Amino acid sequence: MRLLKDTCRSIQDLLPLHVGGDLDSGPARRVDEHLHHCLSCFREFRELAAMRQRLVVLGEQQPPAAALENFTEEVMARIALGERGPAAALPGVRRTRPSVMVPLAAAATLLVGVMLGYVAQTRSPVASPGREPAGPSPVLTAADRLIPSEVRGSPVREDLGGLGSPTDRDVIHSPPVRDVELIKLLLNGRHDGLRPEPGRQLRPREPAPPQDLTPDAAPDSPQDG
Amino acid sequence: MSAPTRDDHELIRACLEGNQEAFASLVHRHEQRSYWAAYKILGDAEAARDVAQEAFVRVWRALDRFDFSMAFSTWLYRITVNLAIDHLRRNRRHRGADLDLFRESVADESGIAPDAPQDSREVAKAVRAVLETLDEKYRTVLILRDLEGLSSKQIADITGIAHATVRWRLHIARKQFREGWERLENRSTRPAHRRTSTVRSDTEHP
């Protein structure tokens, strides 16, 4: 017989849902049957029903009377102050948000520049040992090389939308031609940095140092974990 | 035809043509429902107002993507509820309201223990204090189900979680709420009133 199988514990486990009518019809009928024969479970049910009733009381509370004063006016003020509206109301305006990729691309570009700068700095002492790196020398930084001075000094153009403006995109994605050539030279090992020494001969391109690639460290070796 | 007599979809079409007055009518028409939904979830008038206003701003931004096959009020309600839930998540560090402090404050104000509330306002304060102790994910489901009266399927639809998960959370939430309420009662300075009279009933077994 089902009633005997349904222990009070299993029934009471269903009561939190049953009290809100959230059980499916089968289990709900089973709980109802049990409640008709079990006083302790019925009391438990009534306790839960009272708990739920308290929540209903909370739901019936009225918000403060003045809560909605000037509500519409404030929303419309926000909209008037520049919140973007639906596209149909703003024909011709591209409503994409500034892409996260733009600052990421800038960071990546700067990182490459810094690495190239590091290569340039480390090669110079080899060519001229004993020479101390001059402190605040006019050596150009990676950022200096990638961002032309005429742009570096200029403020962001508000009329073009800040970071997403064409000016910024040009800076990030299109380094000046002379810098591109410089980067090519550095990559080919035919330039020893930005401090050329008149009498120094160009070193032949050196092979890359052997990497410590053990079988375990090989790229196609199985990864731990 | 004046704006207030238009239905929501007509107002939206007017908005899409650039008519901001139509949108103001839309806001005015639905501000109360949006605010109340946020207020029930958050229990804070100021936060509810901010959330409701933000909901309308989001609606304004996305109005060109409105699906005319659905009611505007449903769409707004969904946005409002999700913003309110986000607000709860951002402020989850406030979880675990100090029930002792709550009990003392109520006792100071009214001279009575909170386990013997004299009016619905005090009950509401006590309920809100207990709700604050629940984890946000349980609290949200409980509020939407028992305060807002949404079905568990509607809650699943709005929150994007599985229906079975909603029911499970509801199950946990009701148990936790009850435990929280009993903790509140047990901390009462009046041992004689350990159990709330409203819970008790003379009704015995049917």
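Chain letters run A, B, ... following the sequence lines, proteins first and then strands; every chain starts at 1. None of these values were measured; they are calculated from a predicted model.
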Problem - Minimal non-hydrogen separation, A:Pro16 against B:Lys175, with atom names - result: CG-CG, 3.6 Å

Problem - chain A-proximal positions within residues 143-155 of chain B [heavy-atom distance under 4.5 Å] - result: B:Arg145, B:Asp146, B:Leu147

Exercise for the section: Using a 4.5 Å cut-off on heavy atoms from C-beta on, say whether the side chain of B:Trp60 contacts that of A:Val75. Expected result: no

Exercise for the section: Could you please state which residues from residues 69-79 of chain B sit under 4.5 angstrom from chain A, measuring non-hydrogen atom to non-hydrogen atom, sorted by number, or 'none'? Expected result: none

Handout entry: Value rounded to 0.5 Å, distance of CG in B:Leu170 from CG in A:Leu17
Key = 5.5 Å

Practice task
Below 4.5 Å from any heavy atom of chain B, which atoms of A:Leu23 appear? Answer side chain, backbone, both or neither.
Solution key: backbone

Exercise for the section: Identify which of B:Phe23, B:Phe56, B:Trp36 forms the greatest number of heavy-atom pairs closer than 4.5 Å to chain A. Expected result: B:Trp36

Problem - Test item: B:His171 side-chain N/O and A:Leu15 main-chain N/O as donor-acceptor pair under 3.5 Å - result: no

Fill in the blank from the handout: When the 4.5 angstrom heavy-atom criterion is applied to B:Ala173 and chain A, the contacting part is neither

Problem - Contact summary for A:Thr72 and B:Glu31, nearest pair of heavy atoms - result: OG1-OE1, 2.7 Å

Exercise for the section: Specify which of A:Gln53, A:Glu73, A:Glu69 makes the most heavy-atom pairs with chain B at under 4.5 Å. Expected result: A:Glu69

Practice task
Identify which part of B:Leu131 has an atom lying under 4.5 Å from any heavy atom of chain A, answering side chain, backbone, both or neither.
Solution key: side chain

Practice task
Give the minimum heavy-atom separation between B:Gln53 and A:Glu74, together with the two atoms involved.
Solution key: NE2-OE1, 2.9 Å

Problem - Heavy-atom side-chain contact between A:Asp24 and B:Arg167 under 4.5 Å - result: yes

Practice task
Please check if the side chain of A:Arg54 supplies one atom and the backbone of B:Ala124 the other of a donor-acceptor pair under 3.5 Å.
Solution key: no

Practice task
With rounding to the nearest 0.5 Å, note down the distance linking CD in B:Gln32 to CZ in A:Phe71.
Solution key: 11.0 Å

Fill in the blank from the handout: The interface call for A:Leu48 against chain B, heavy-atom contacts under 4.5 Å, is side chain

Exercise for the section: With the side chain counted from C-beta on, respond yes when B:Arg174 and A:Met51 share a heavy-atom pair under 4.5 Å apart, and no when they do not. Expected result: no

Practice task
State, with a plain yes or no, whether a side-chain heavy atom of B:Glu21 is found less than 4.5 Å away from one of A:Met76.
Solution key: no

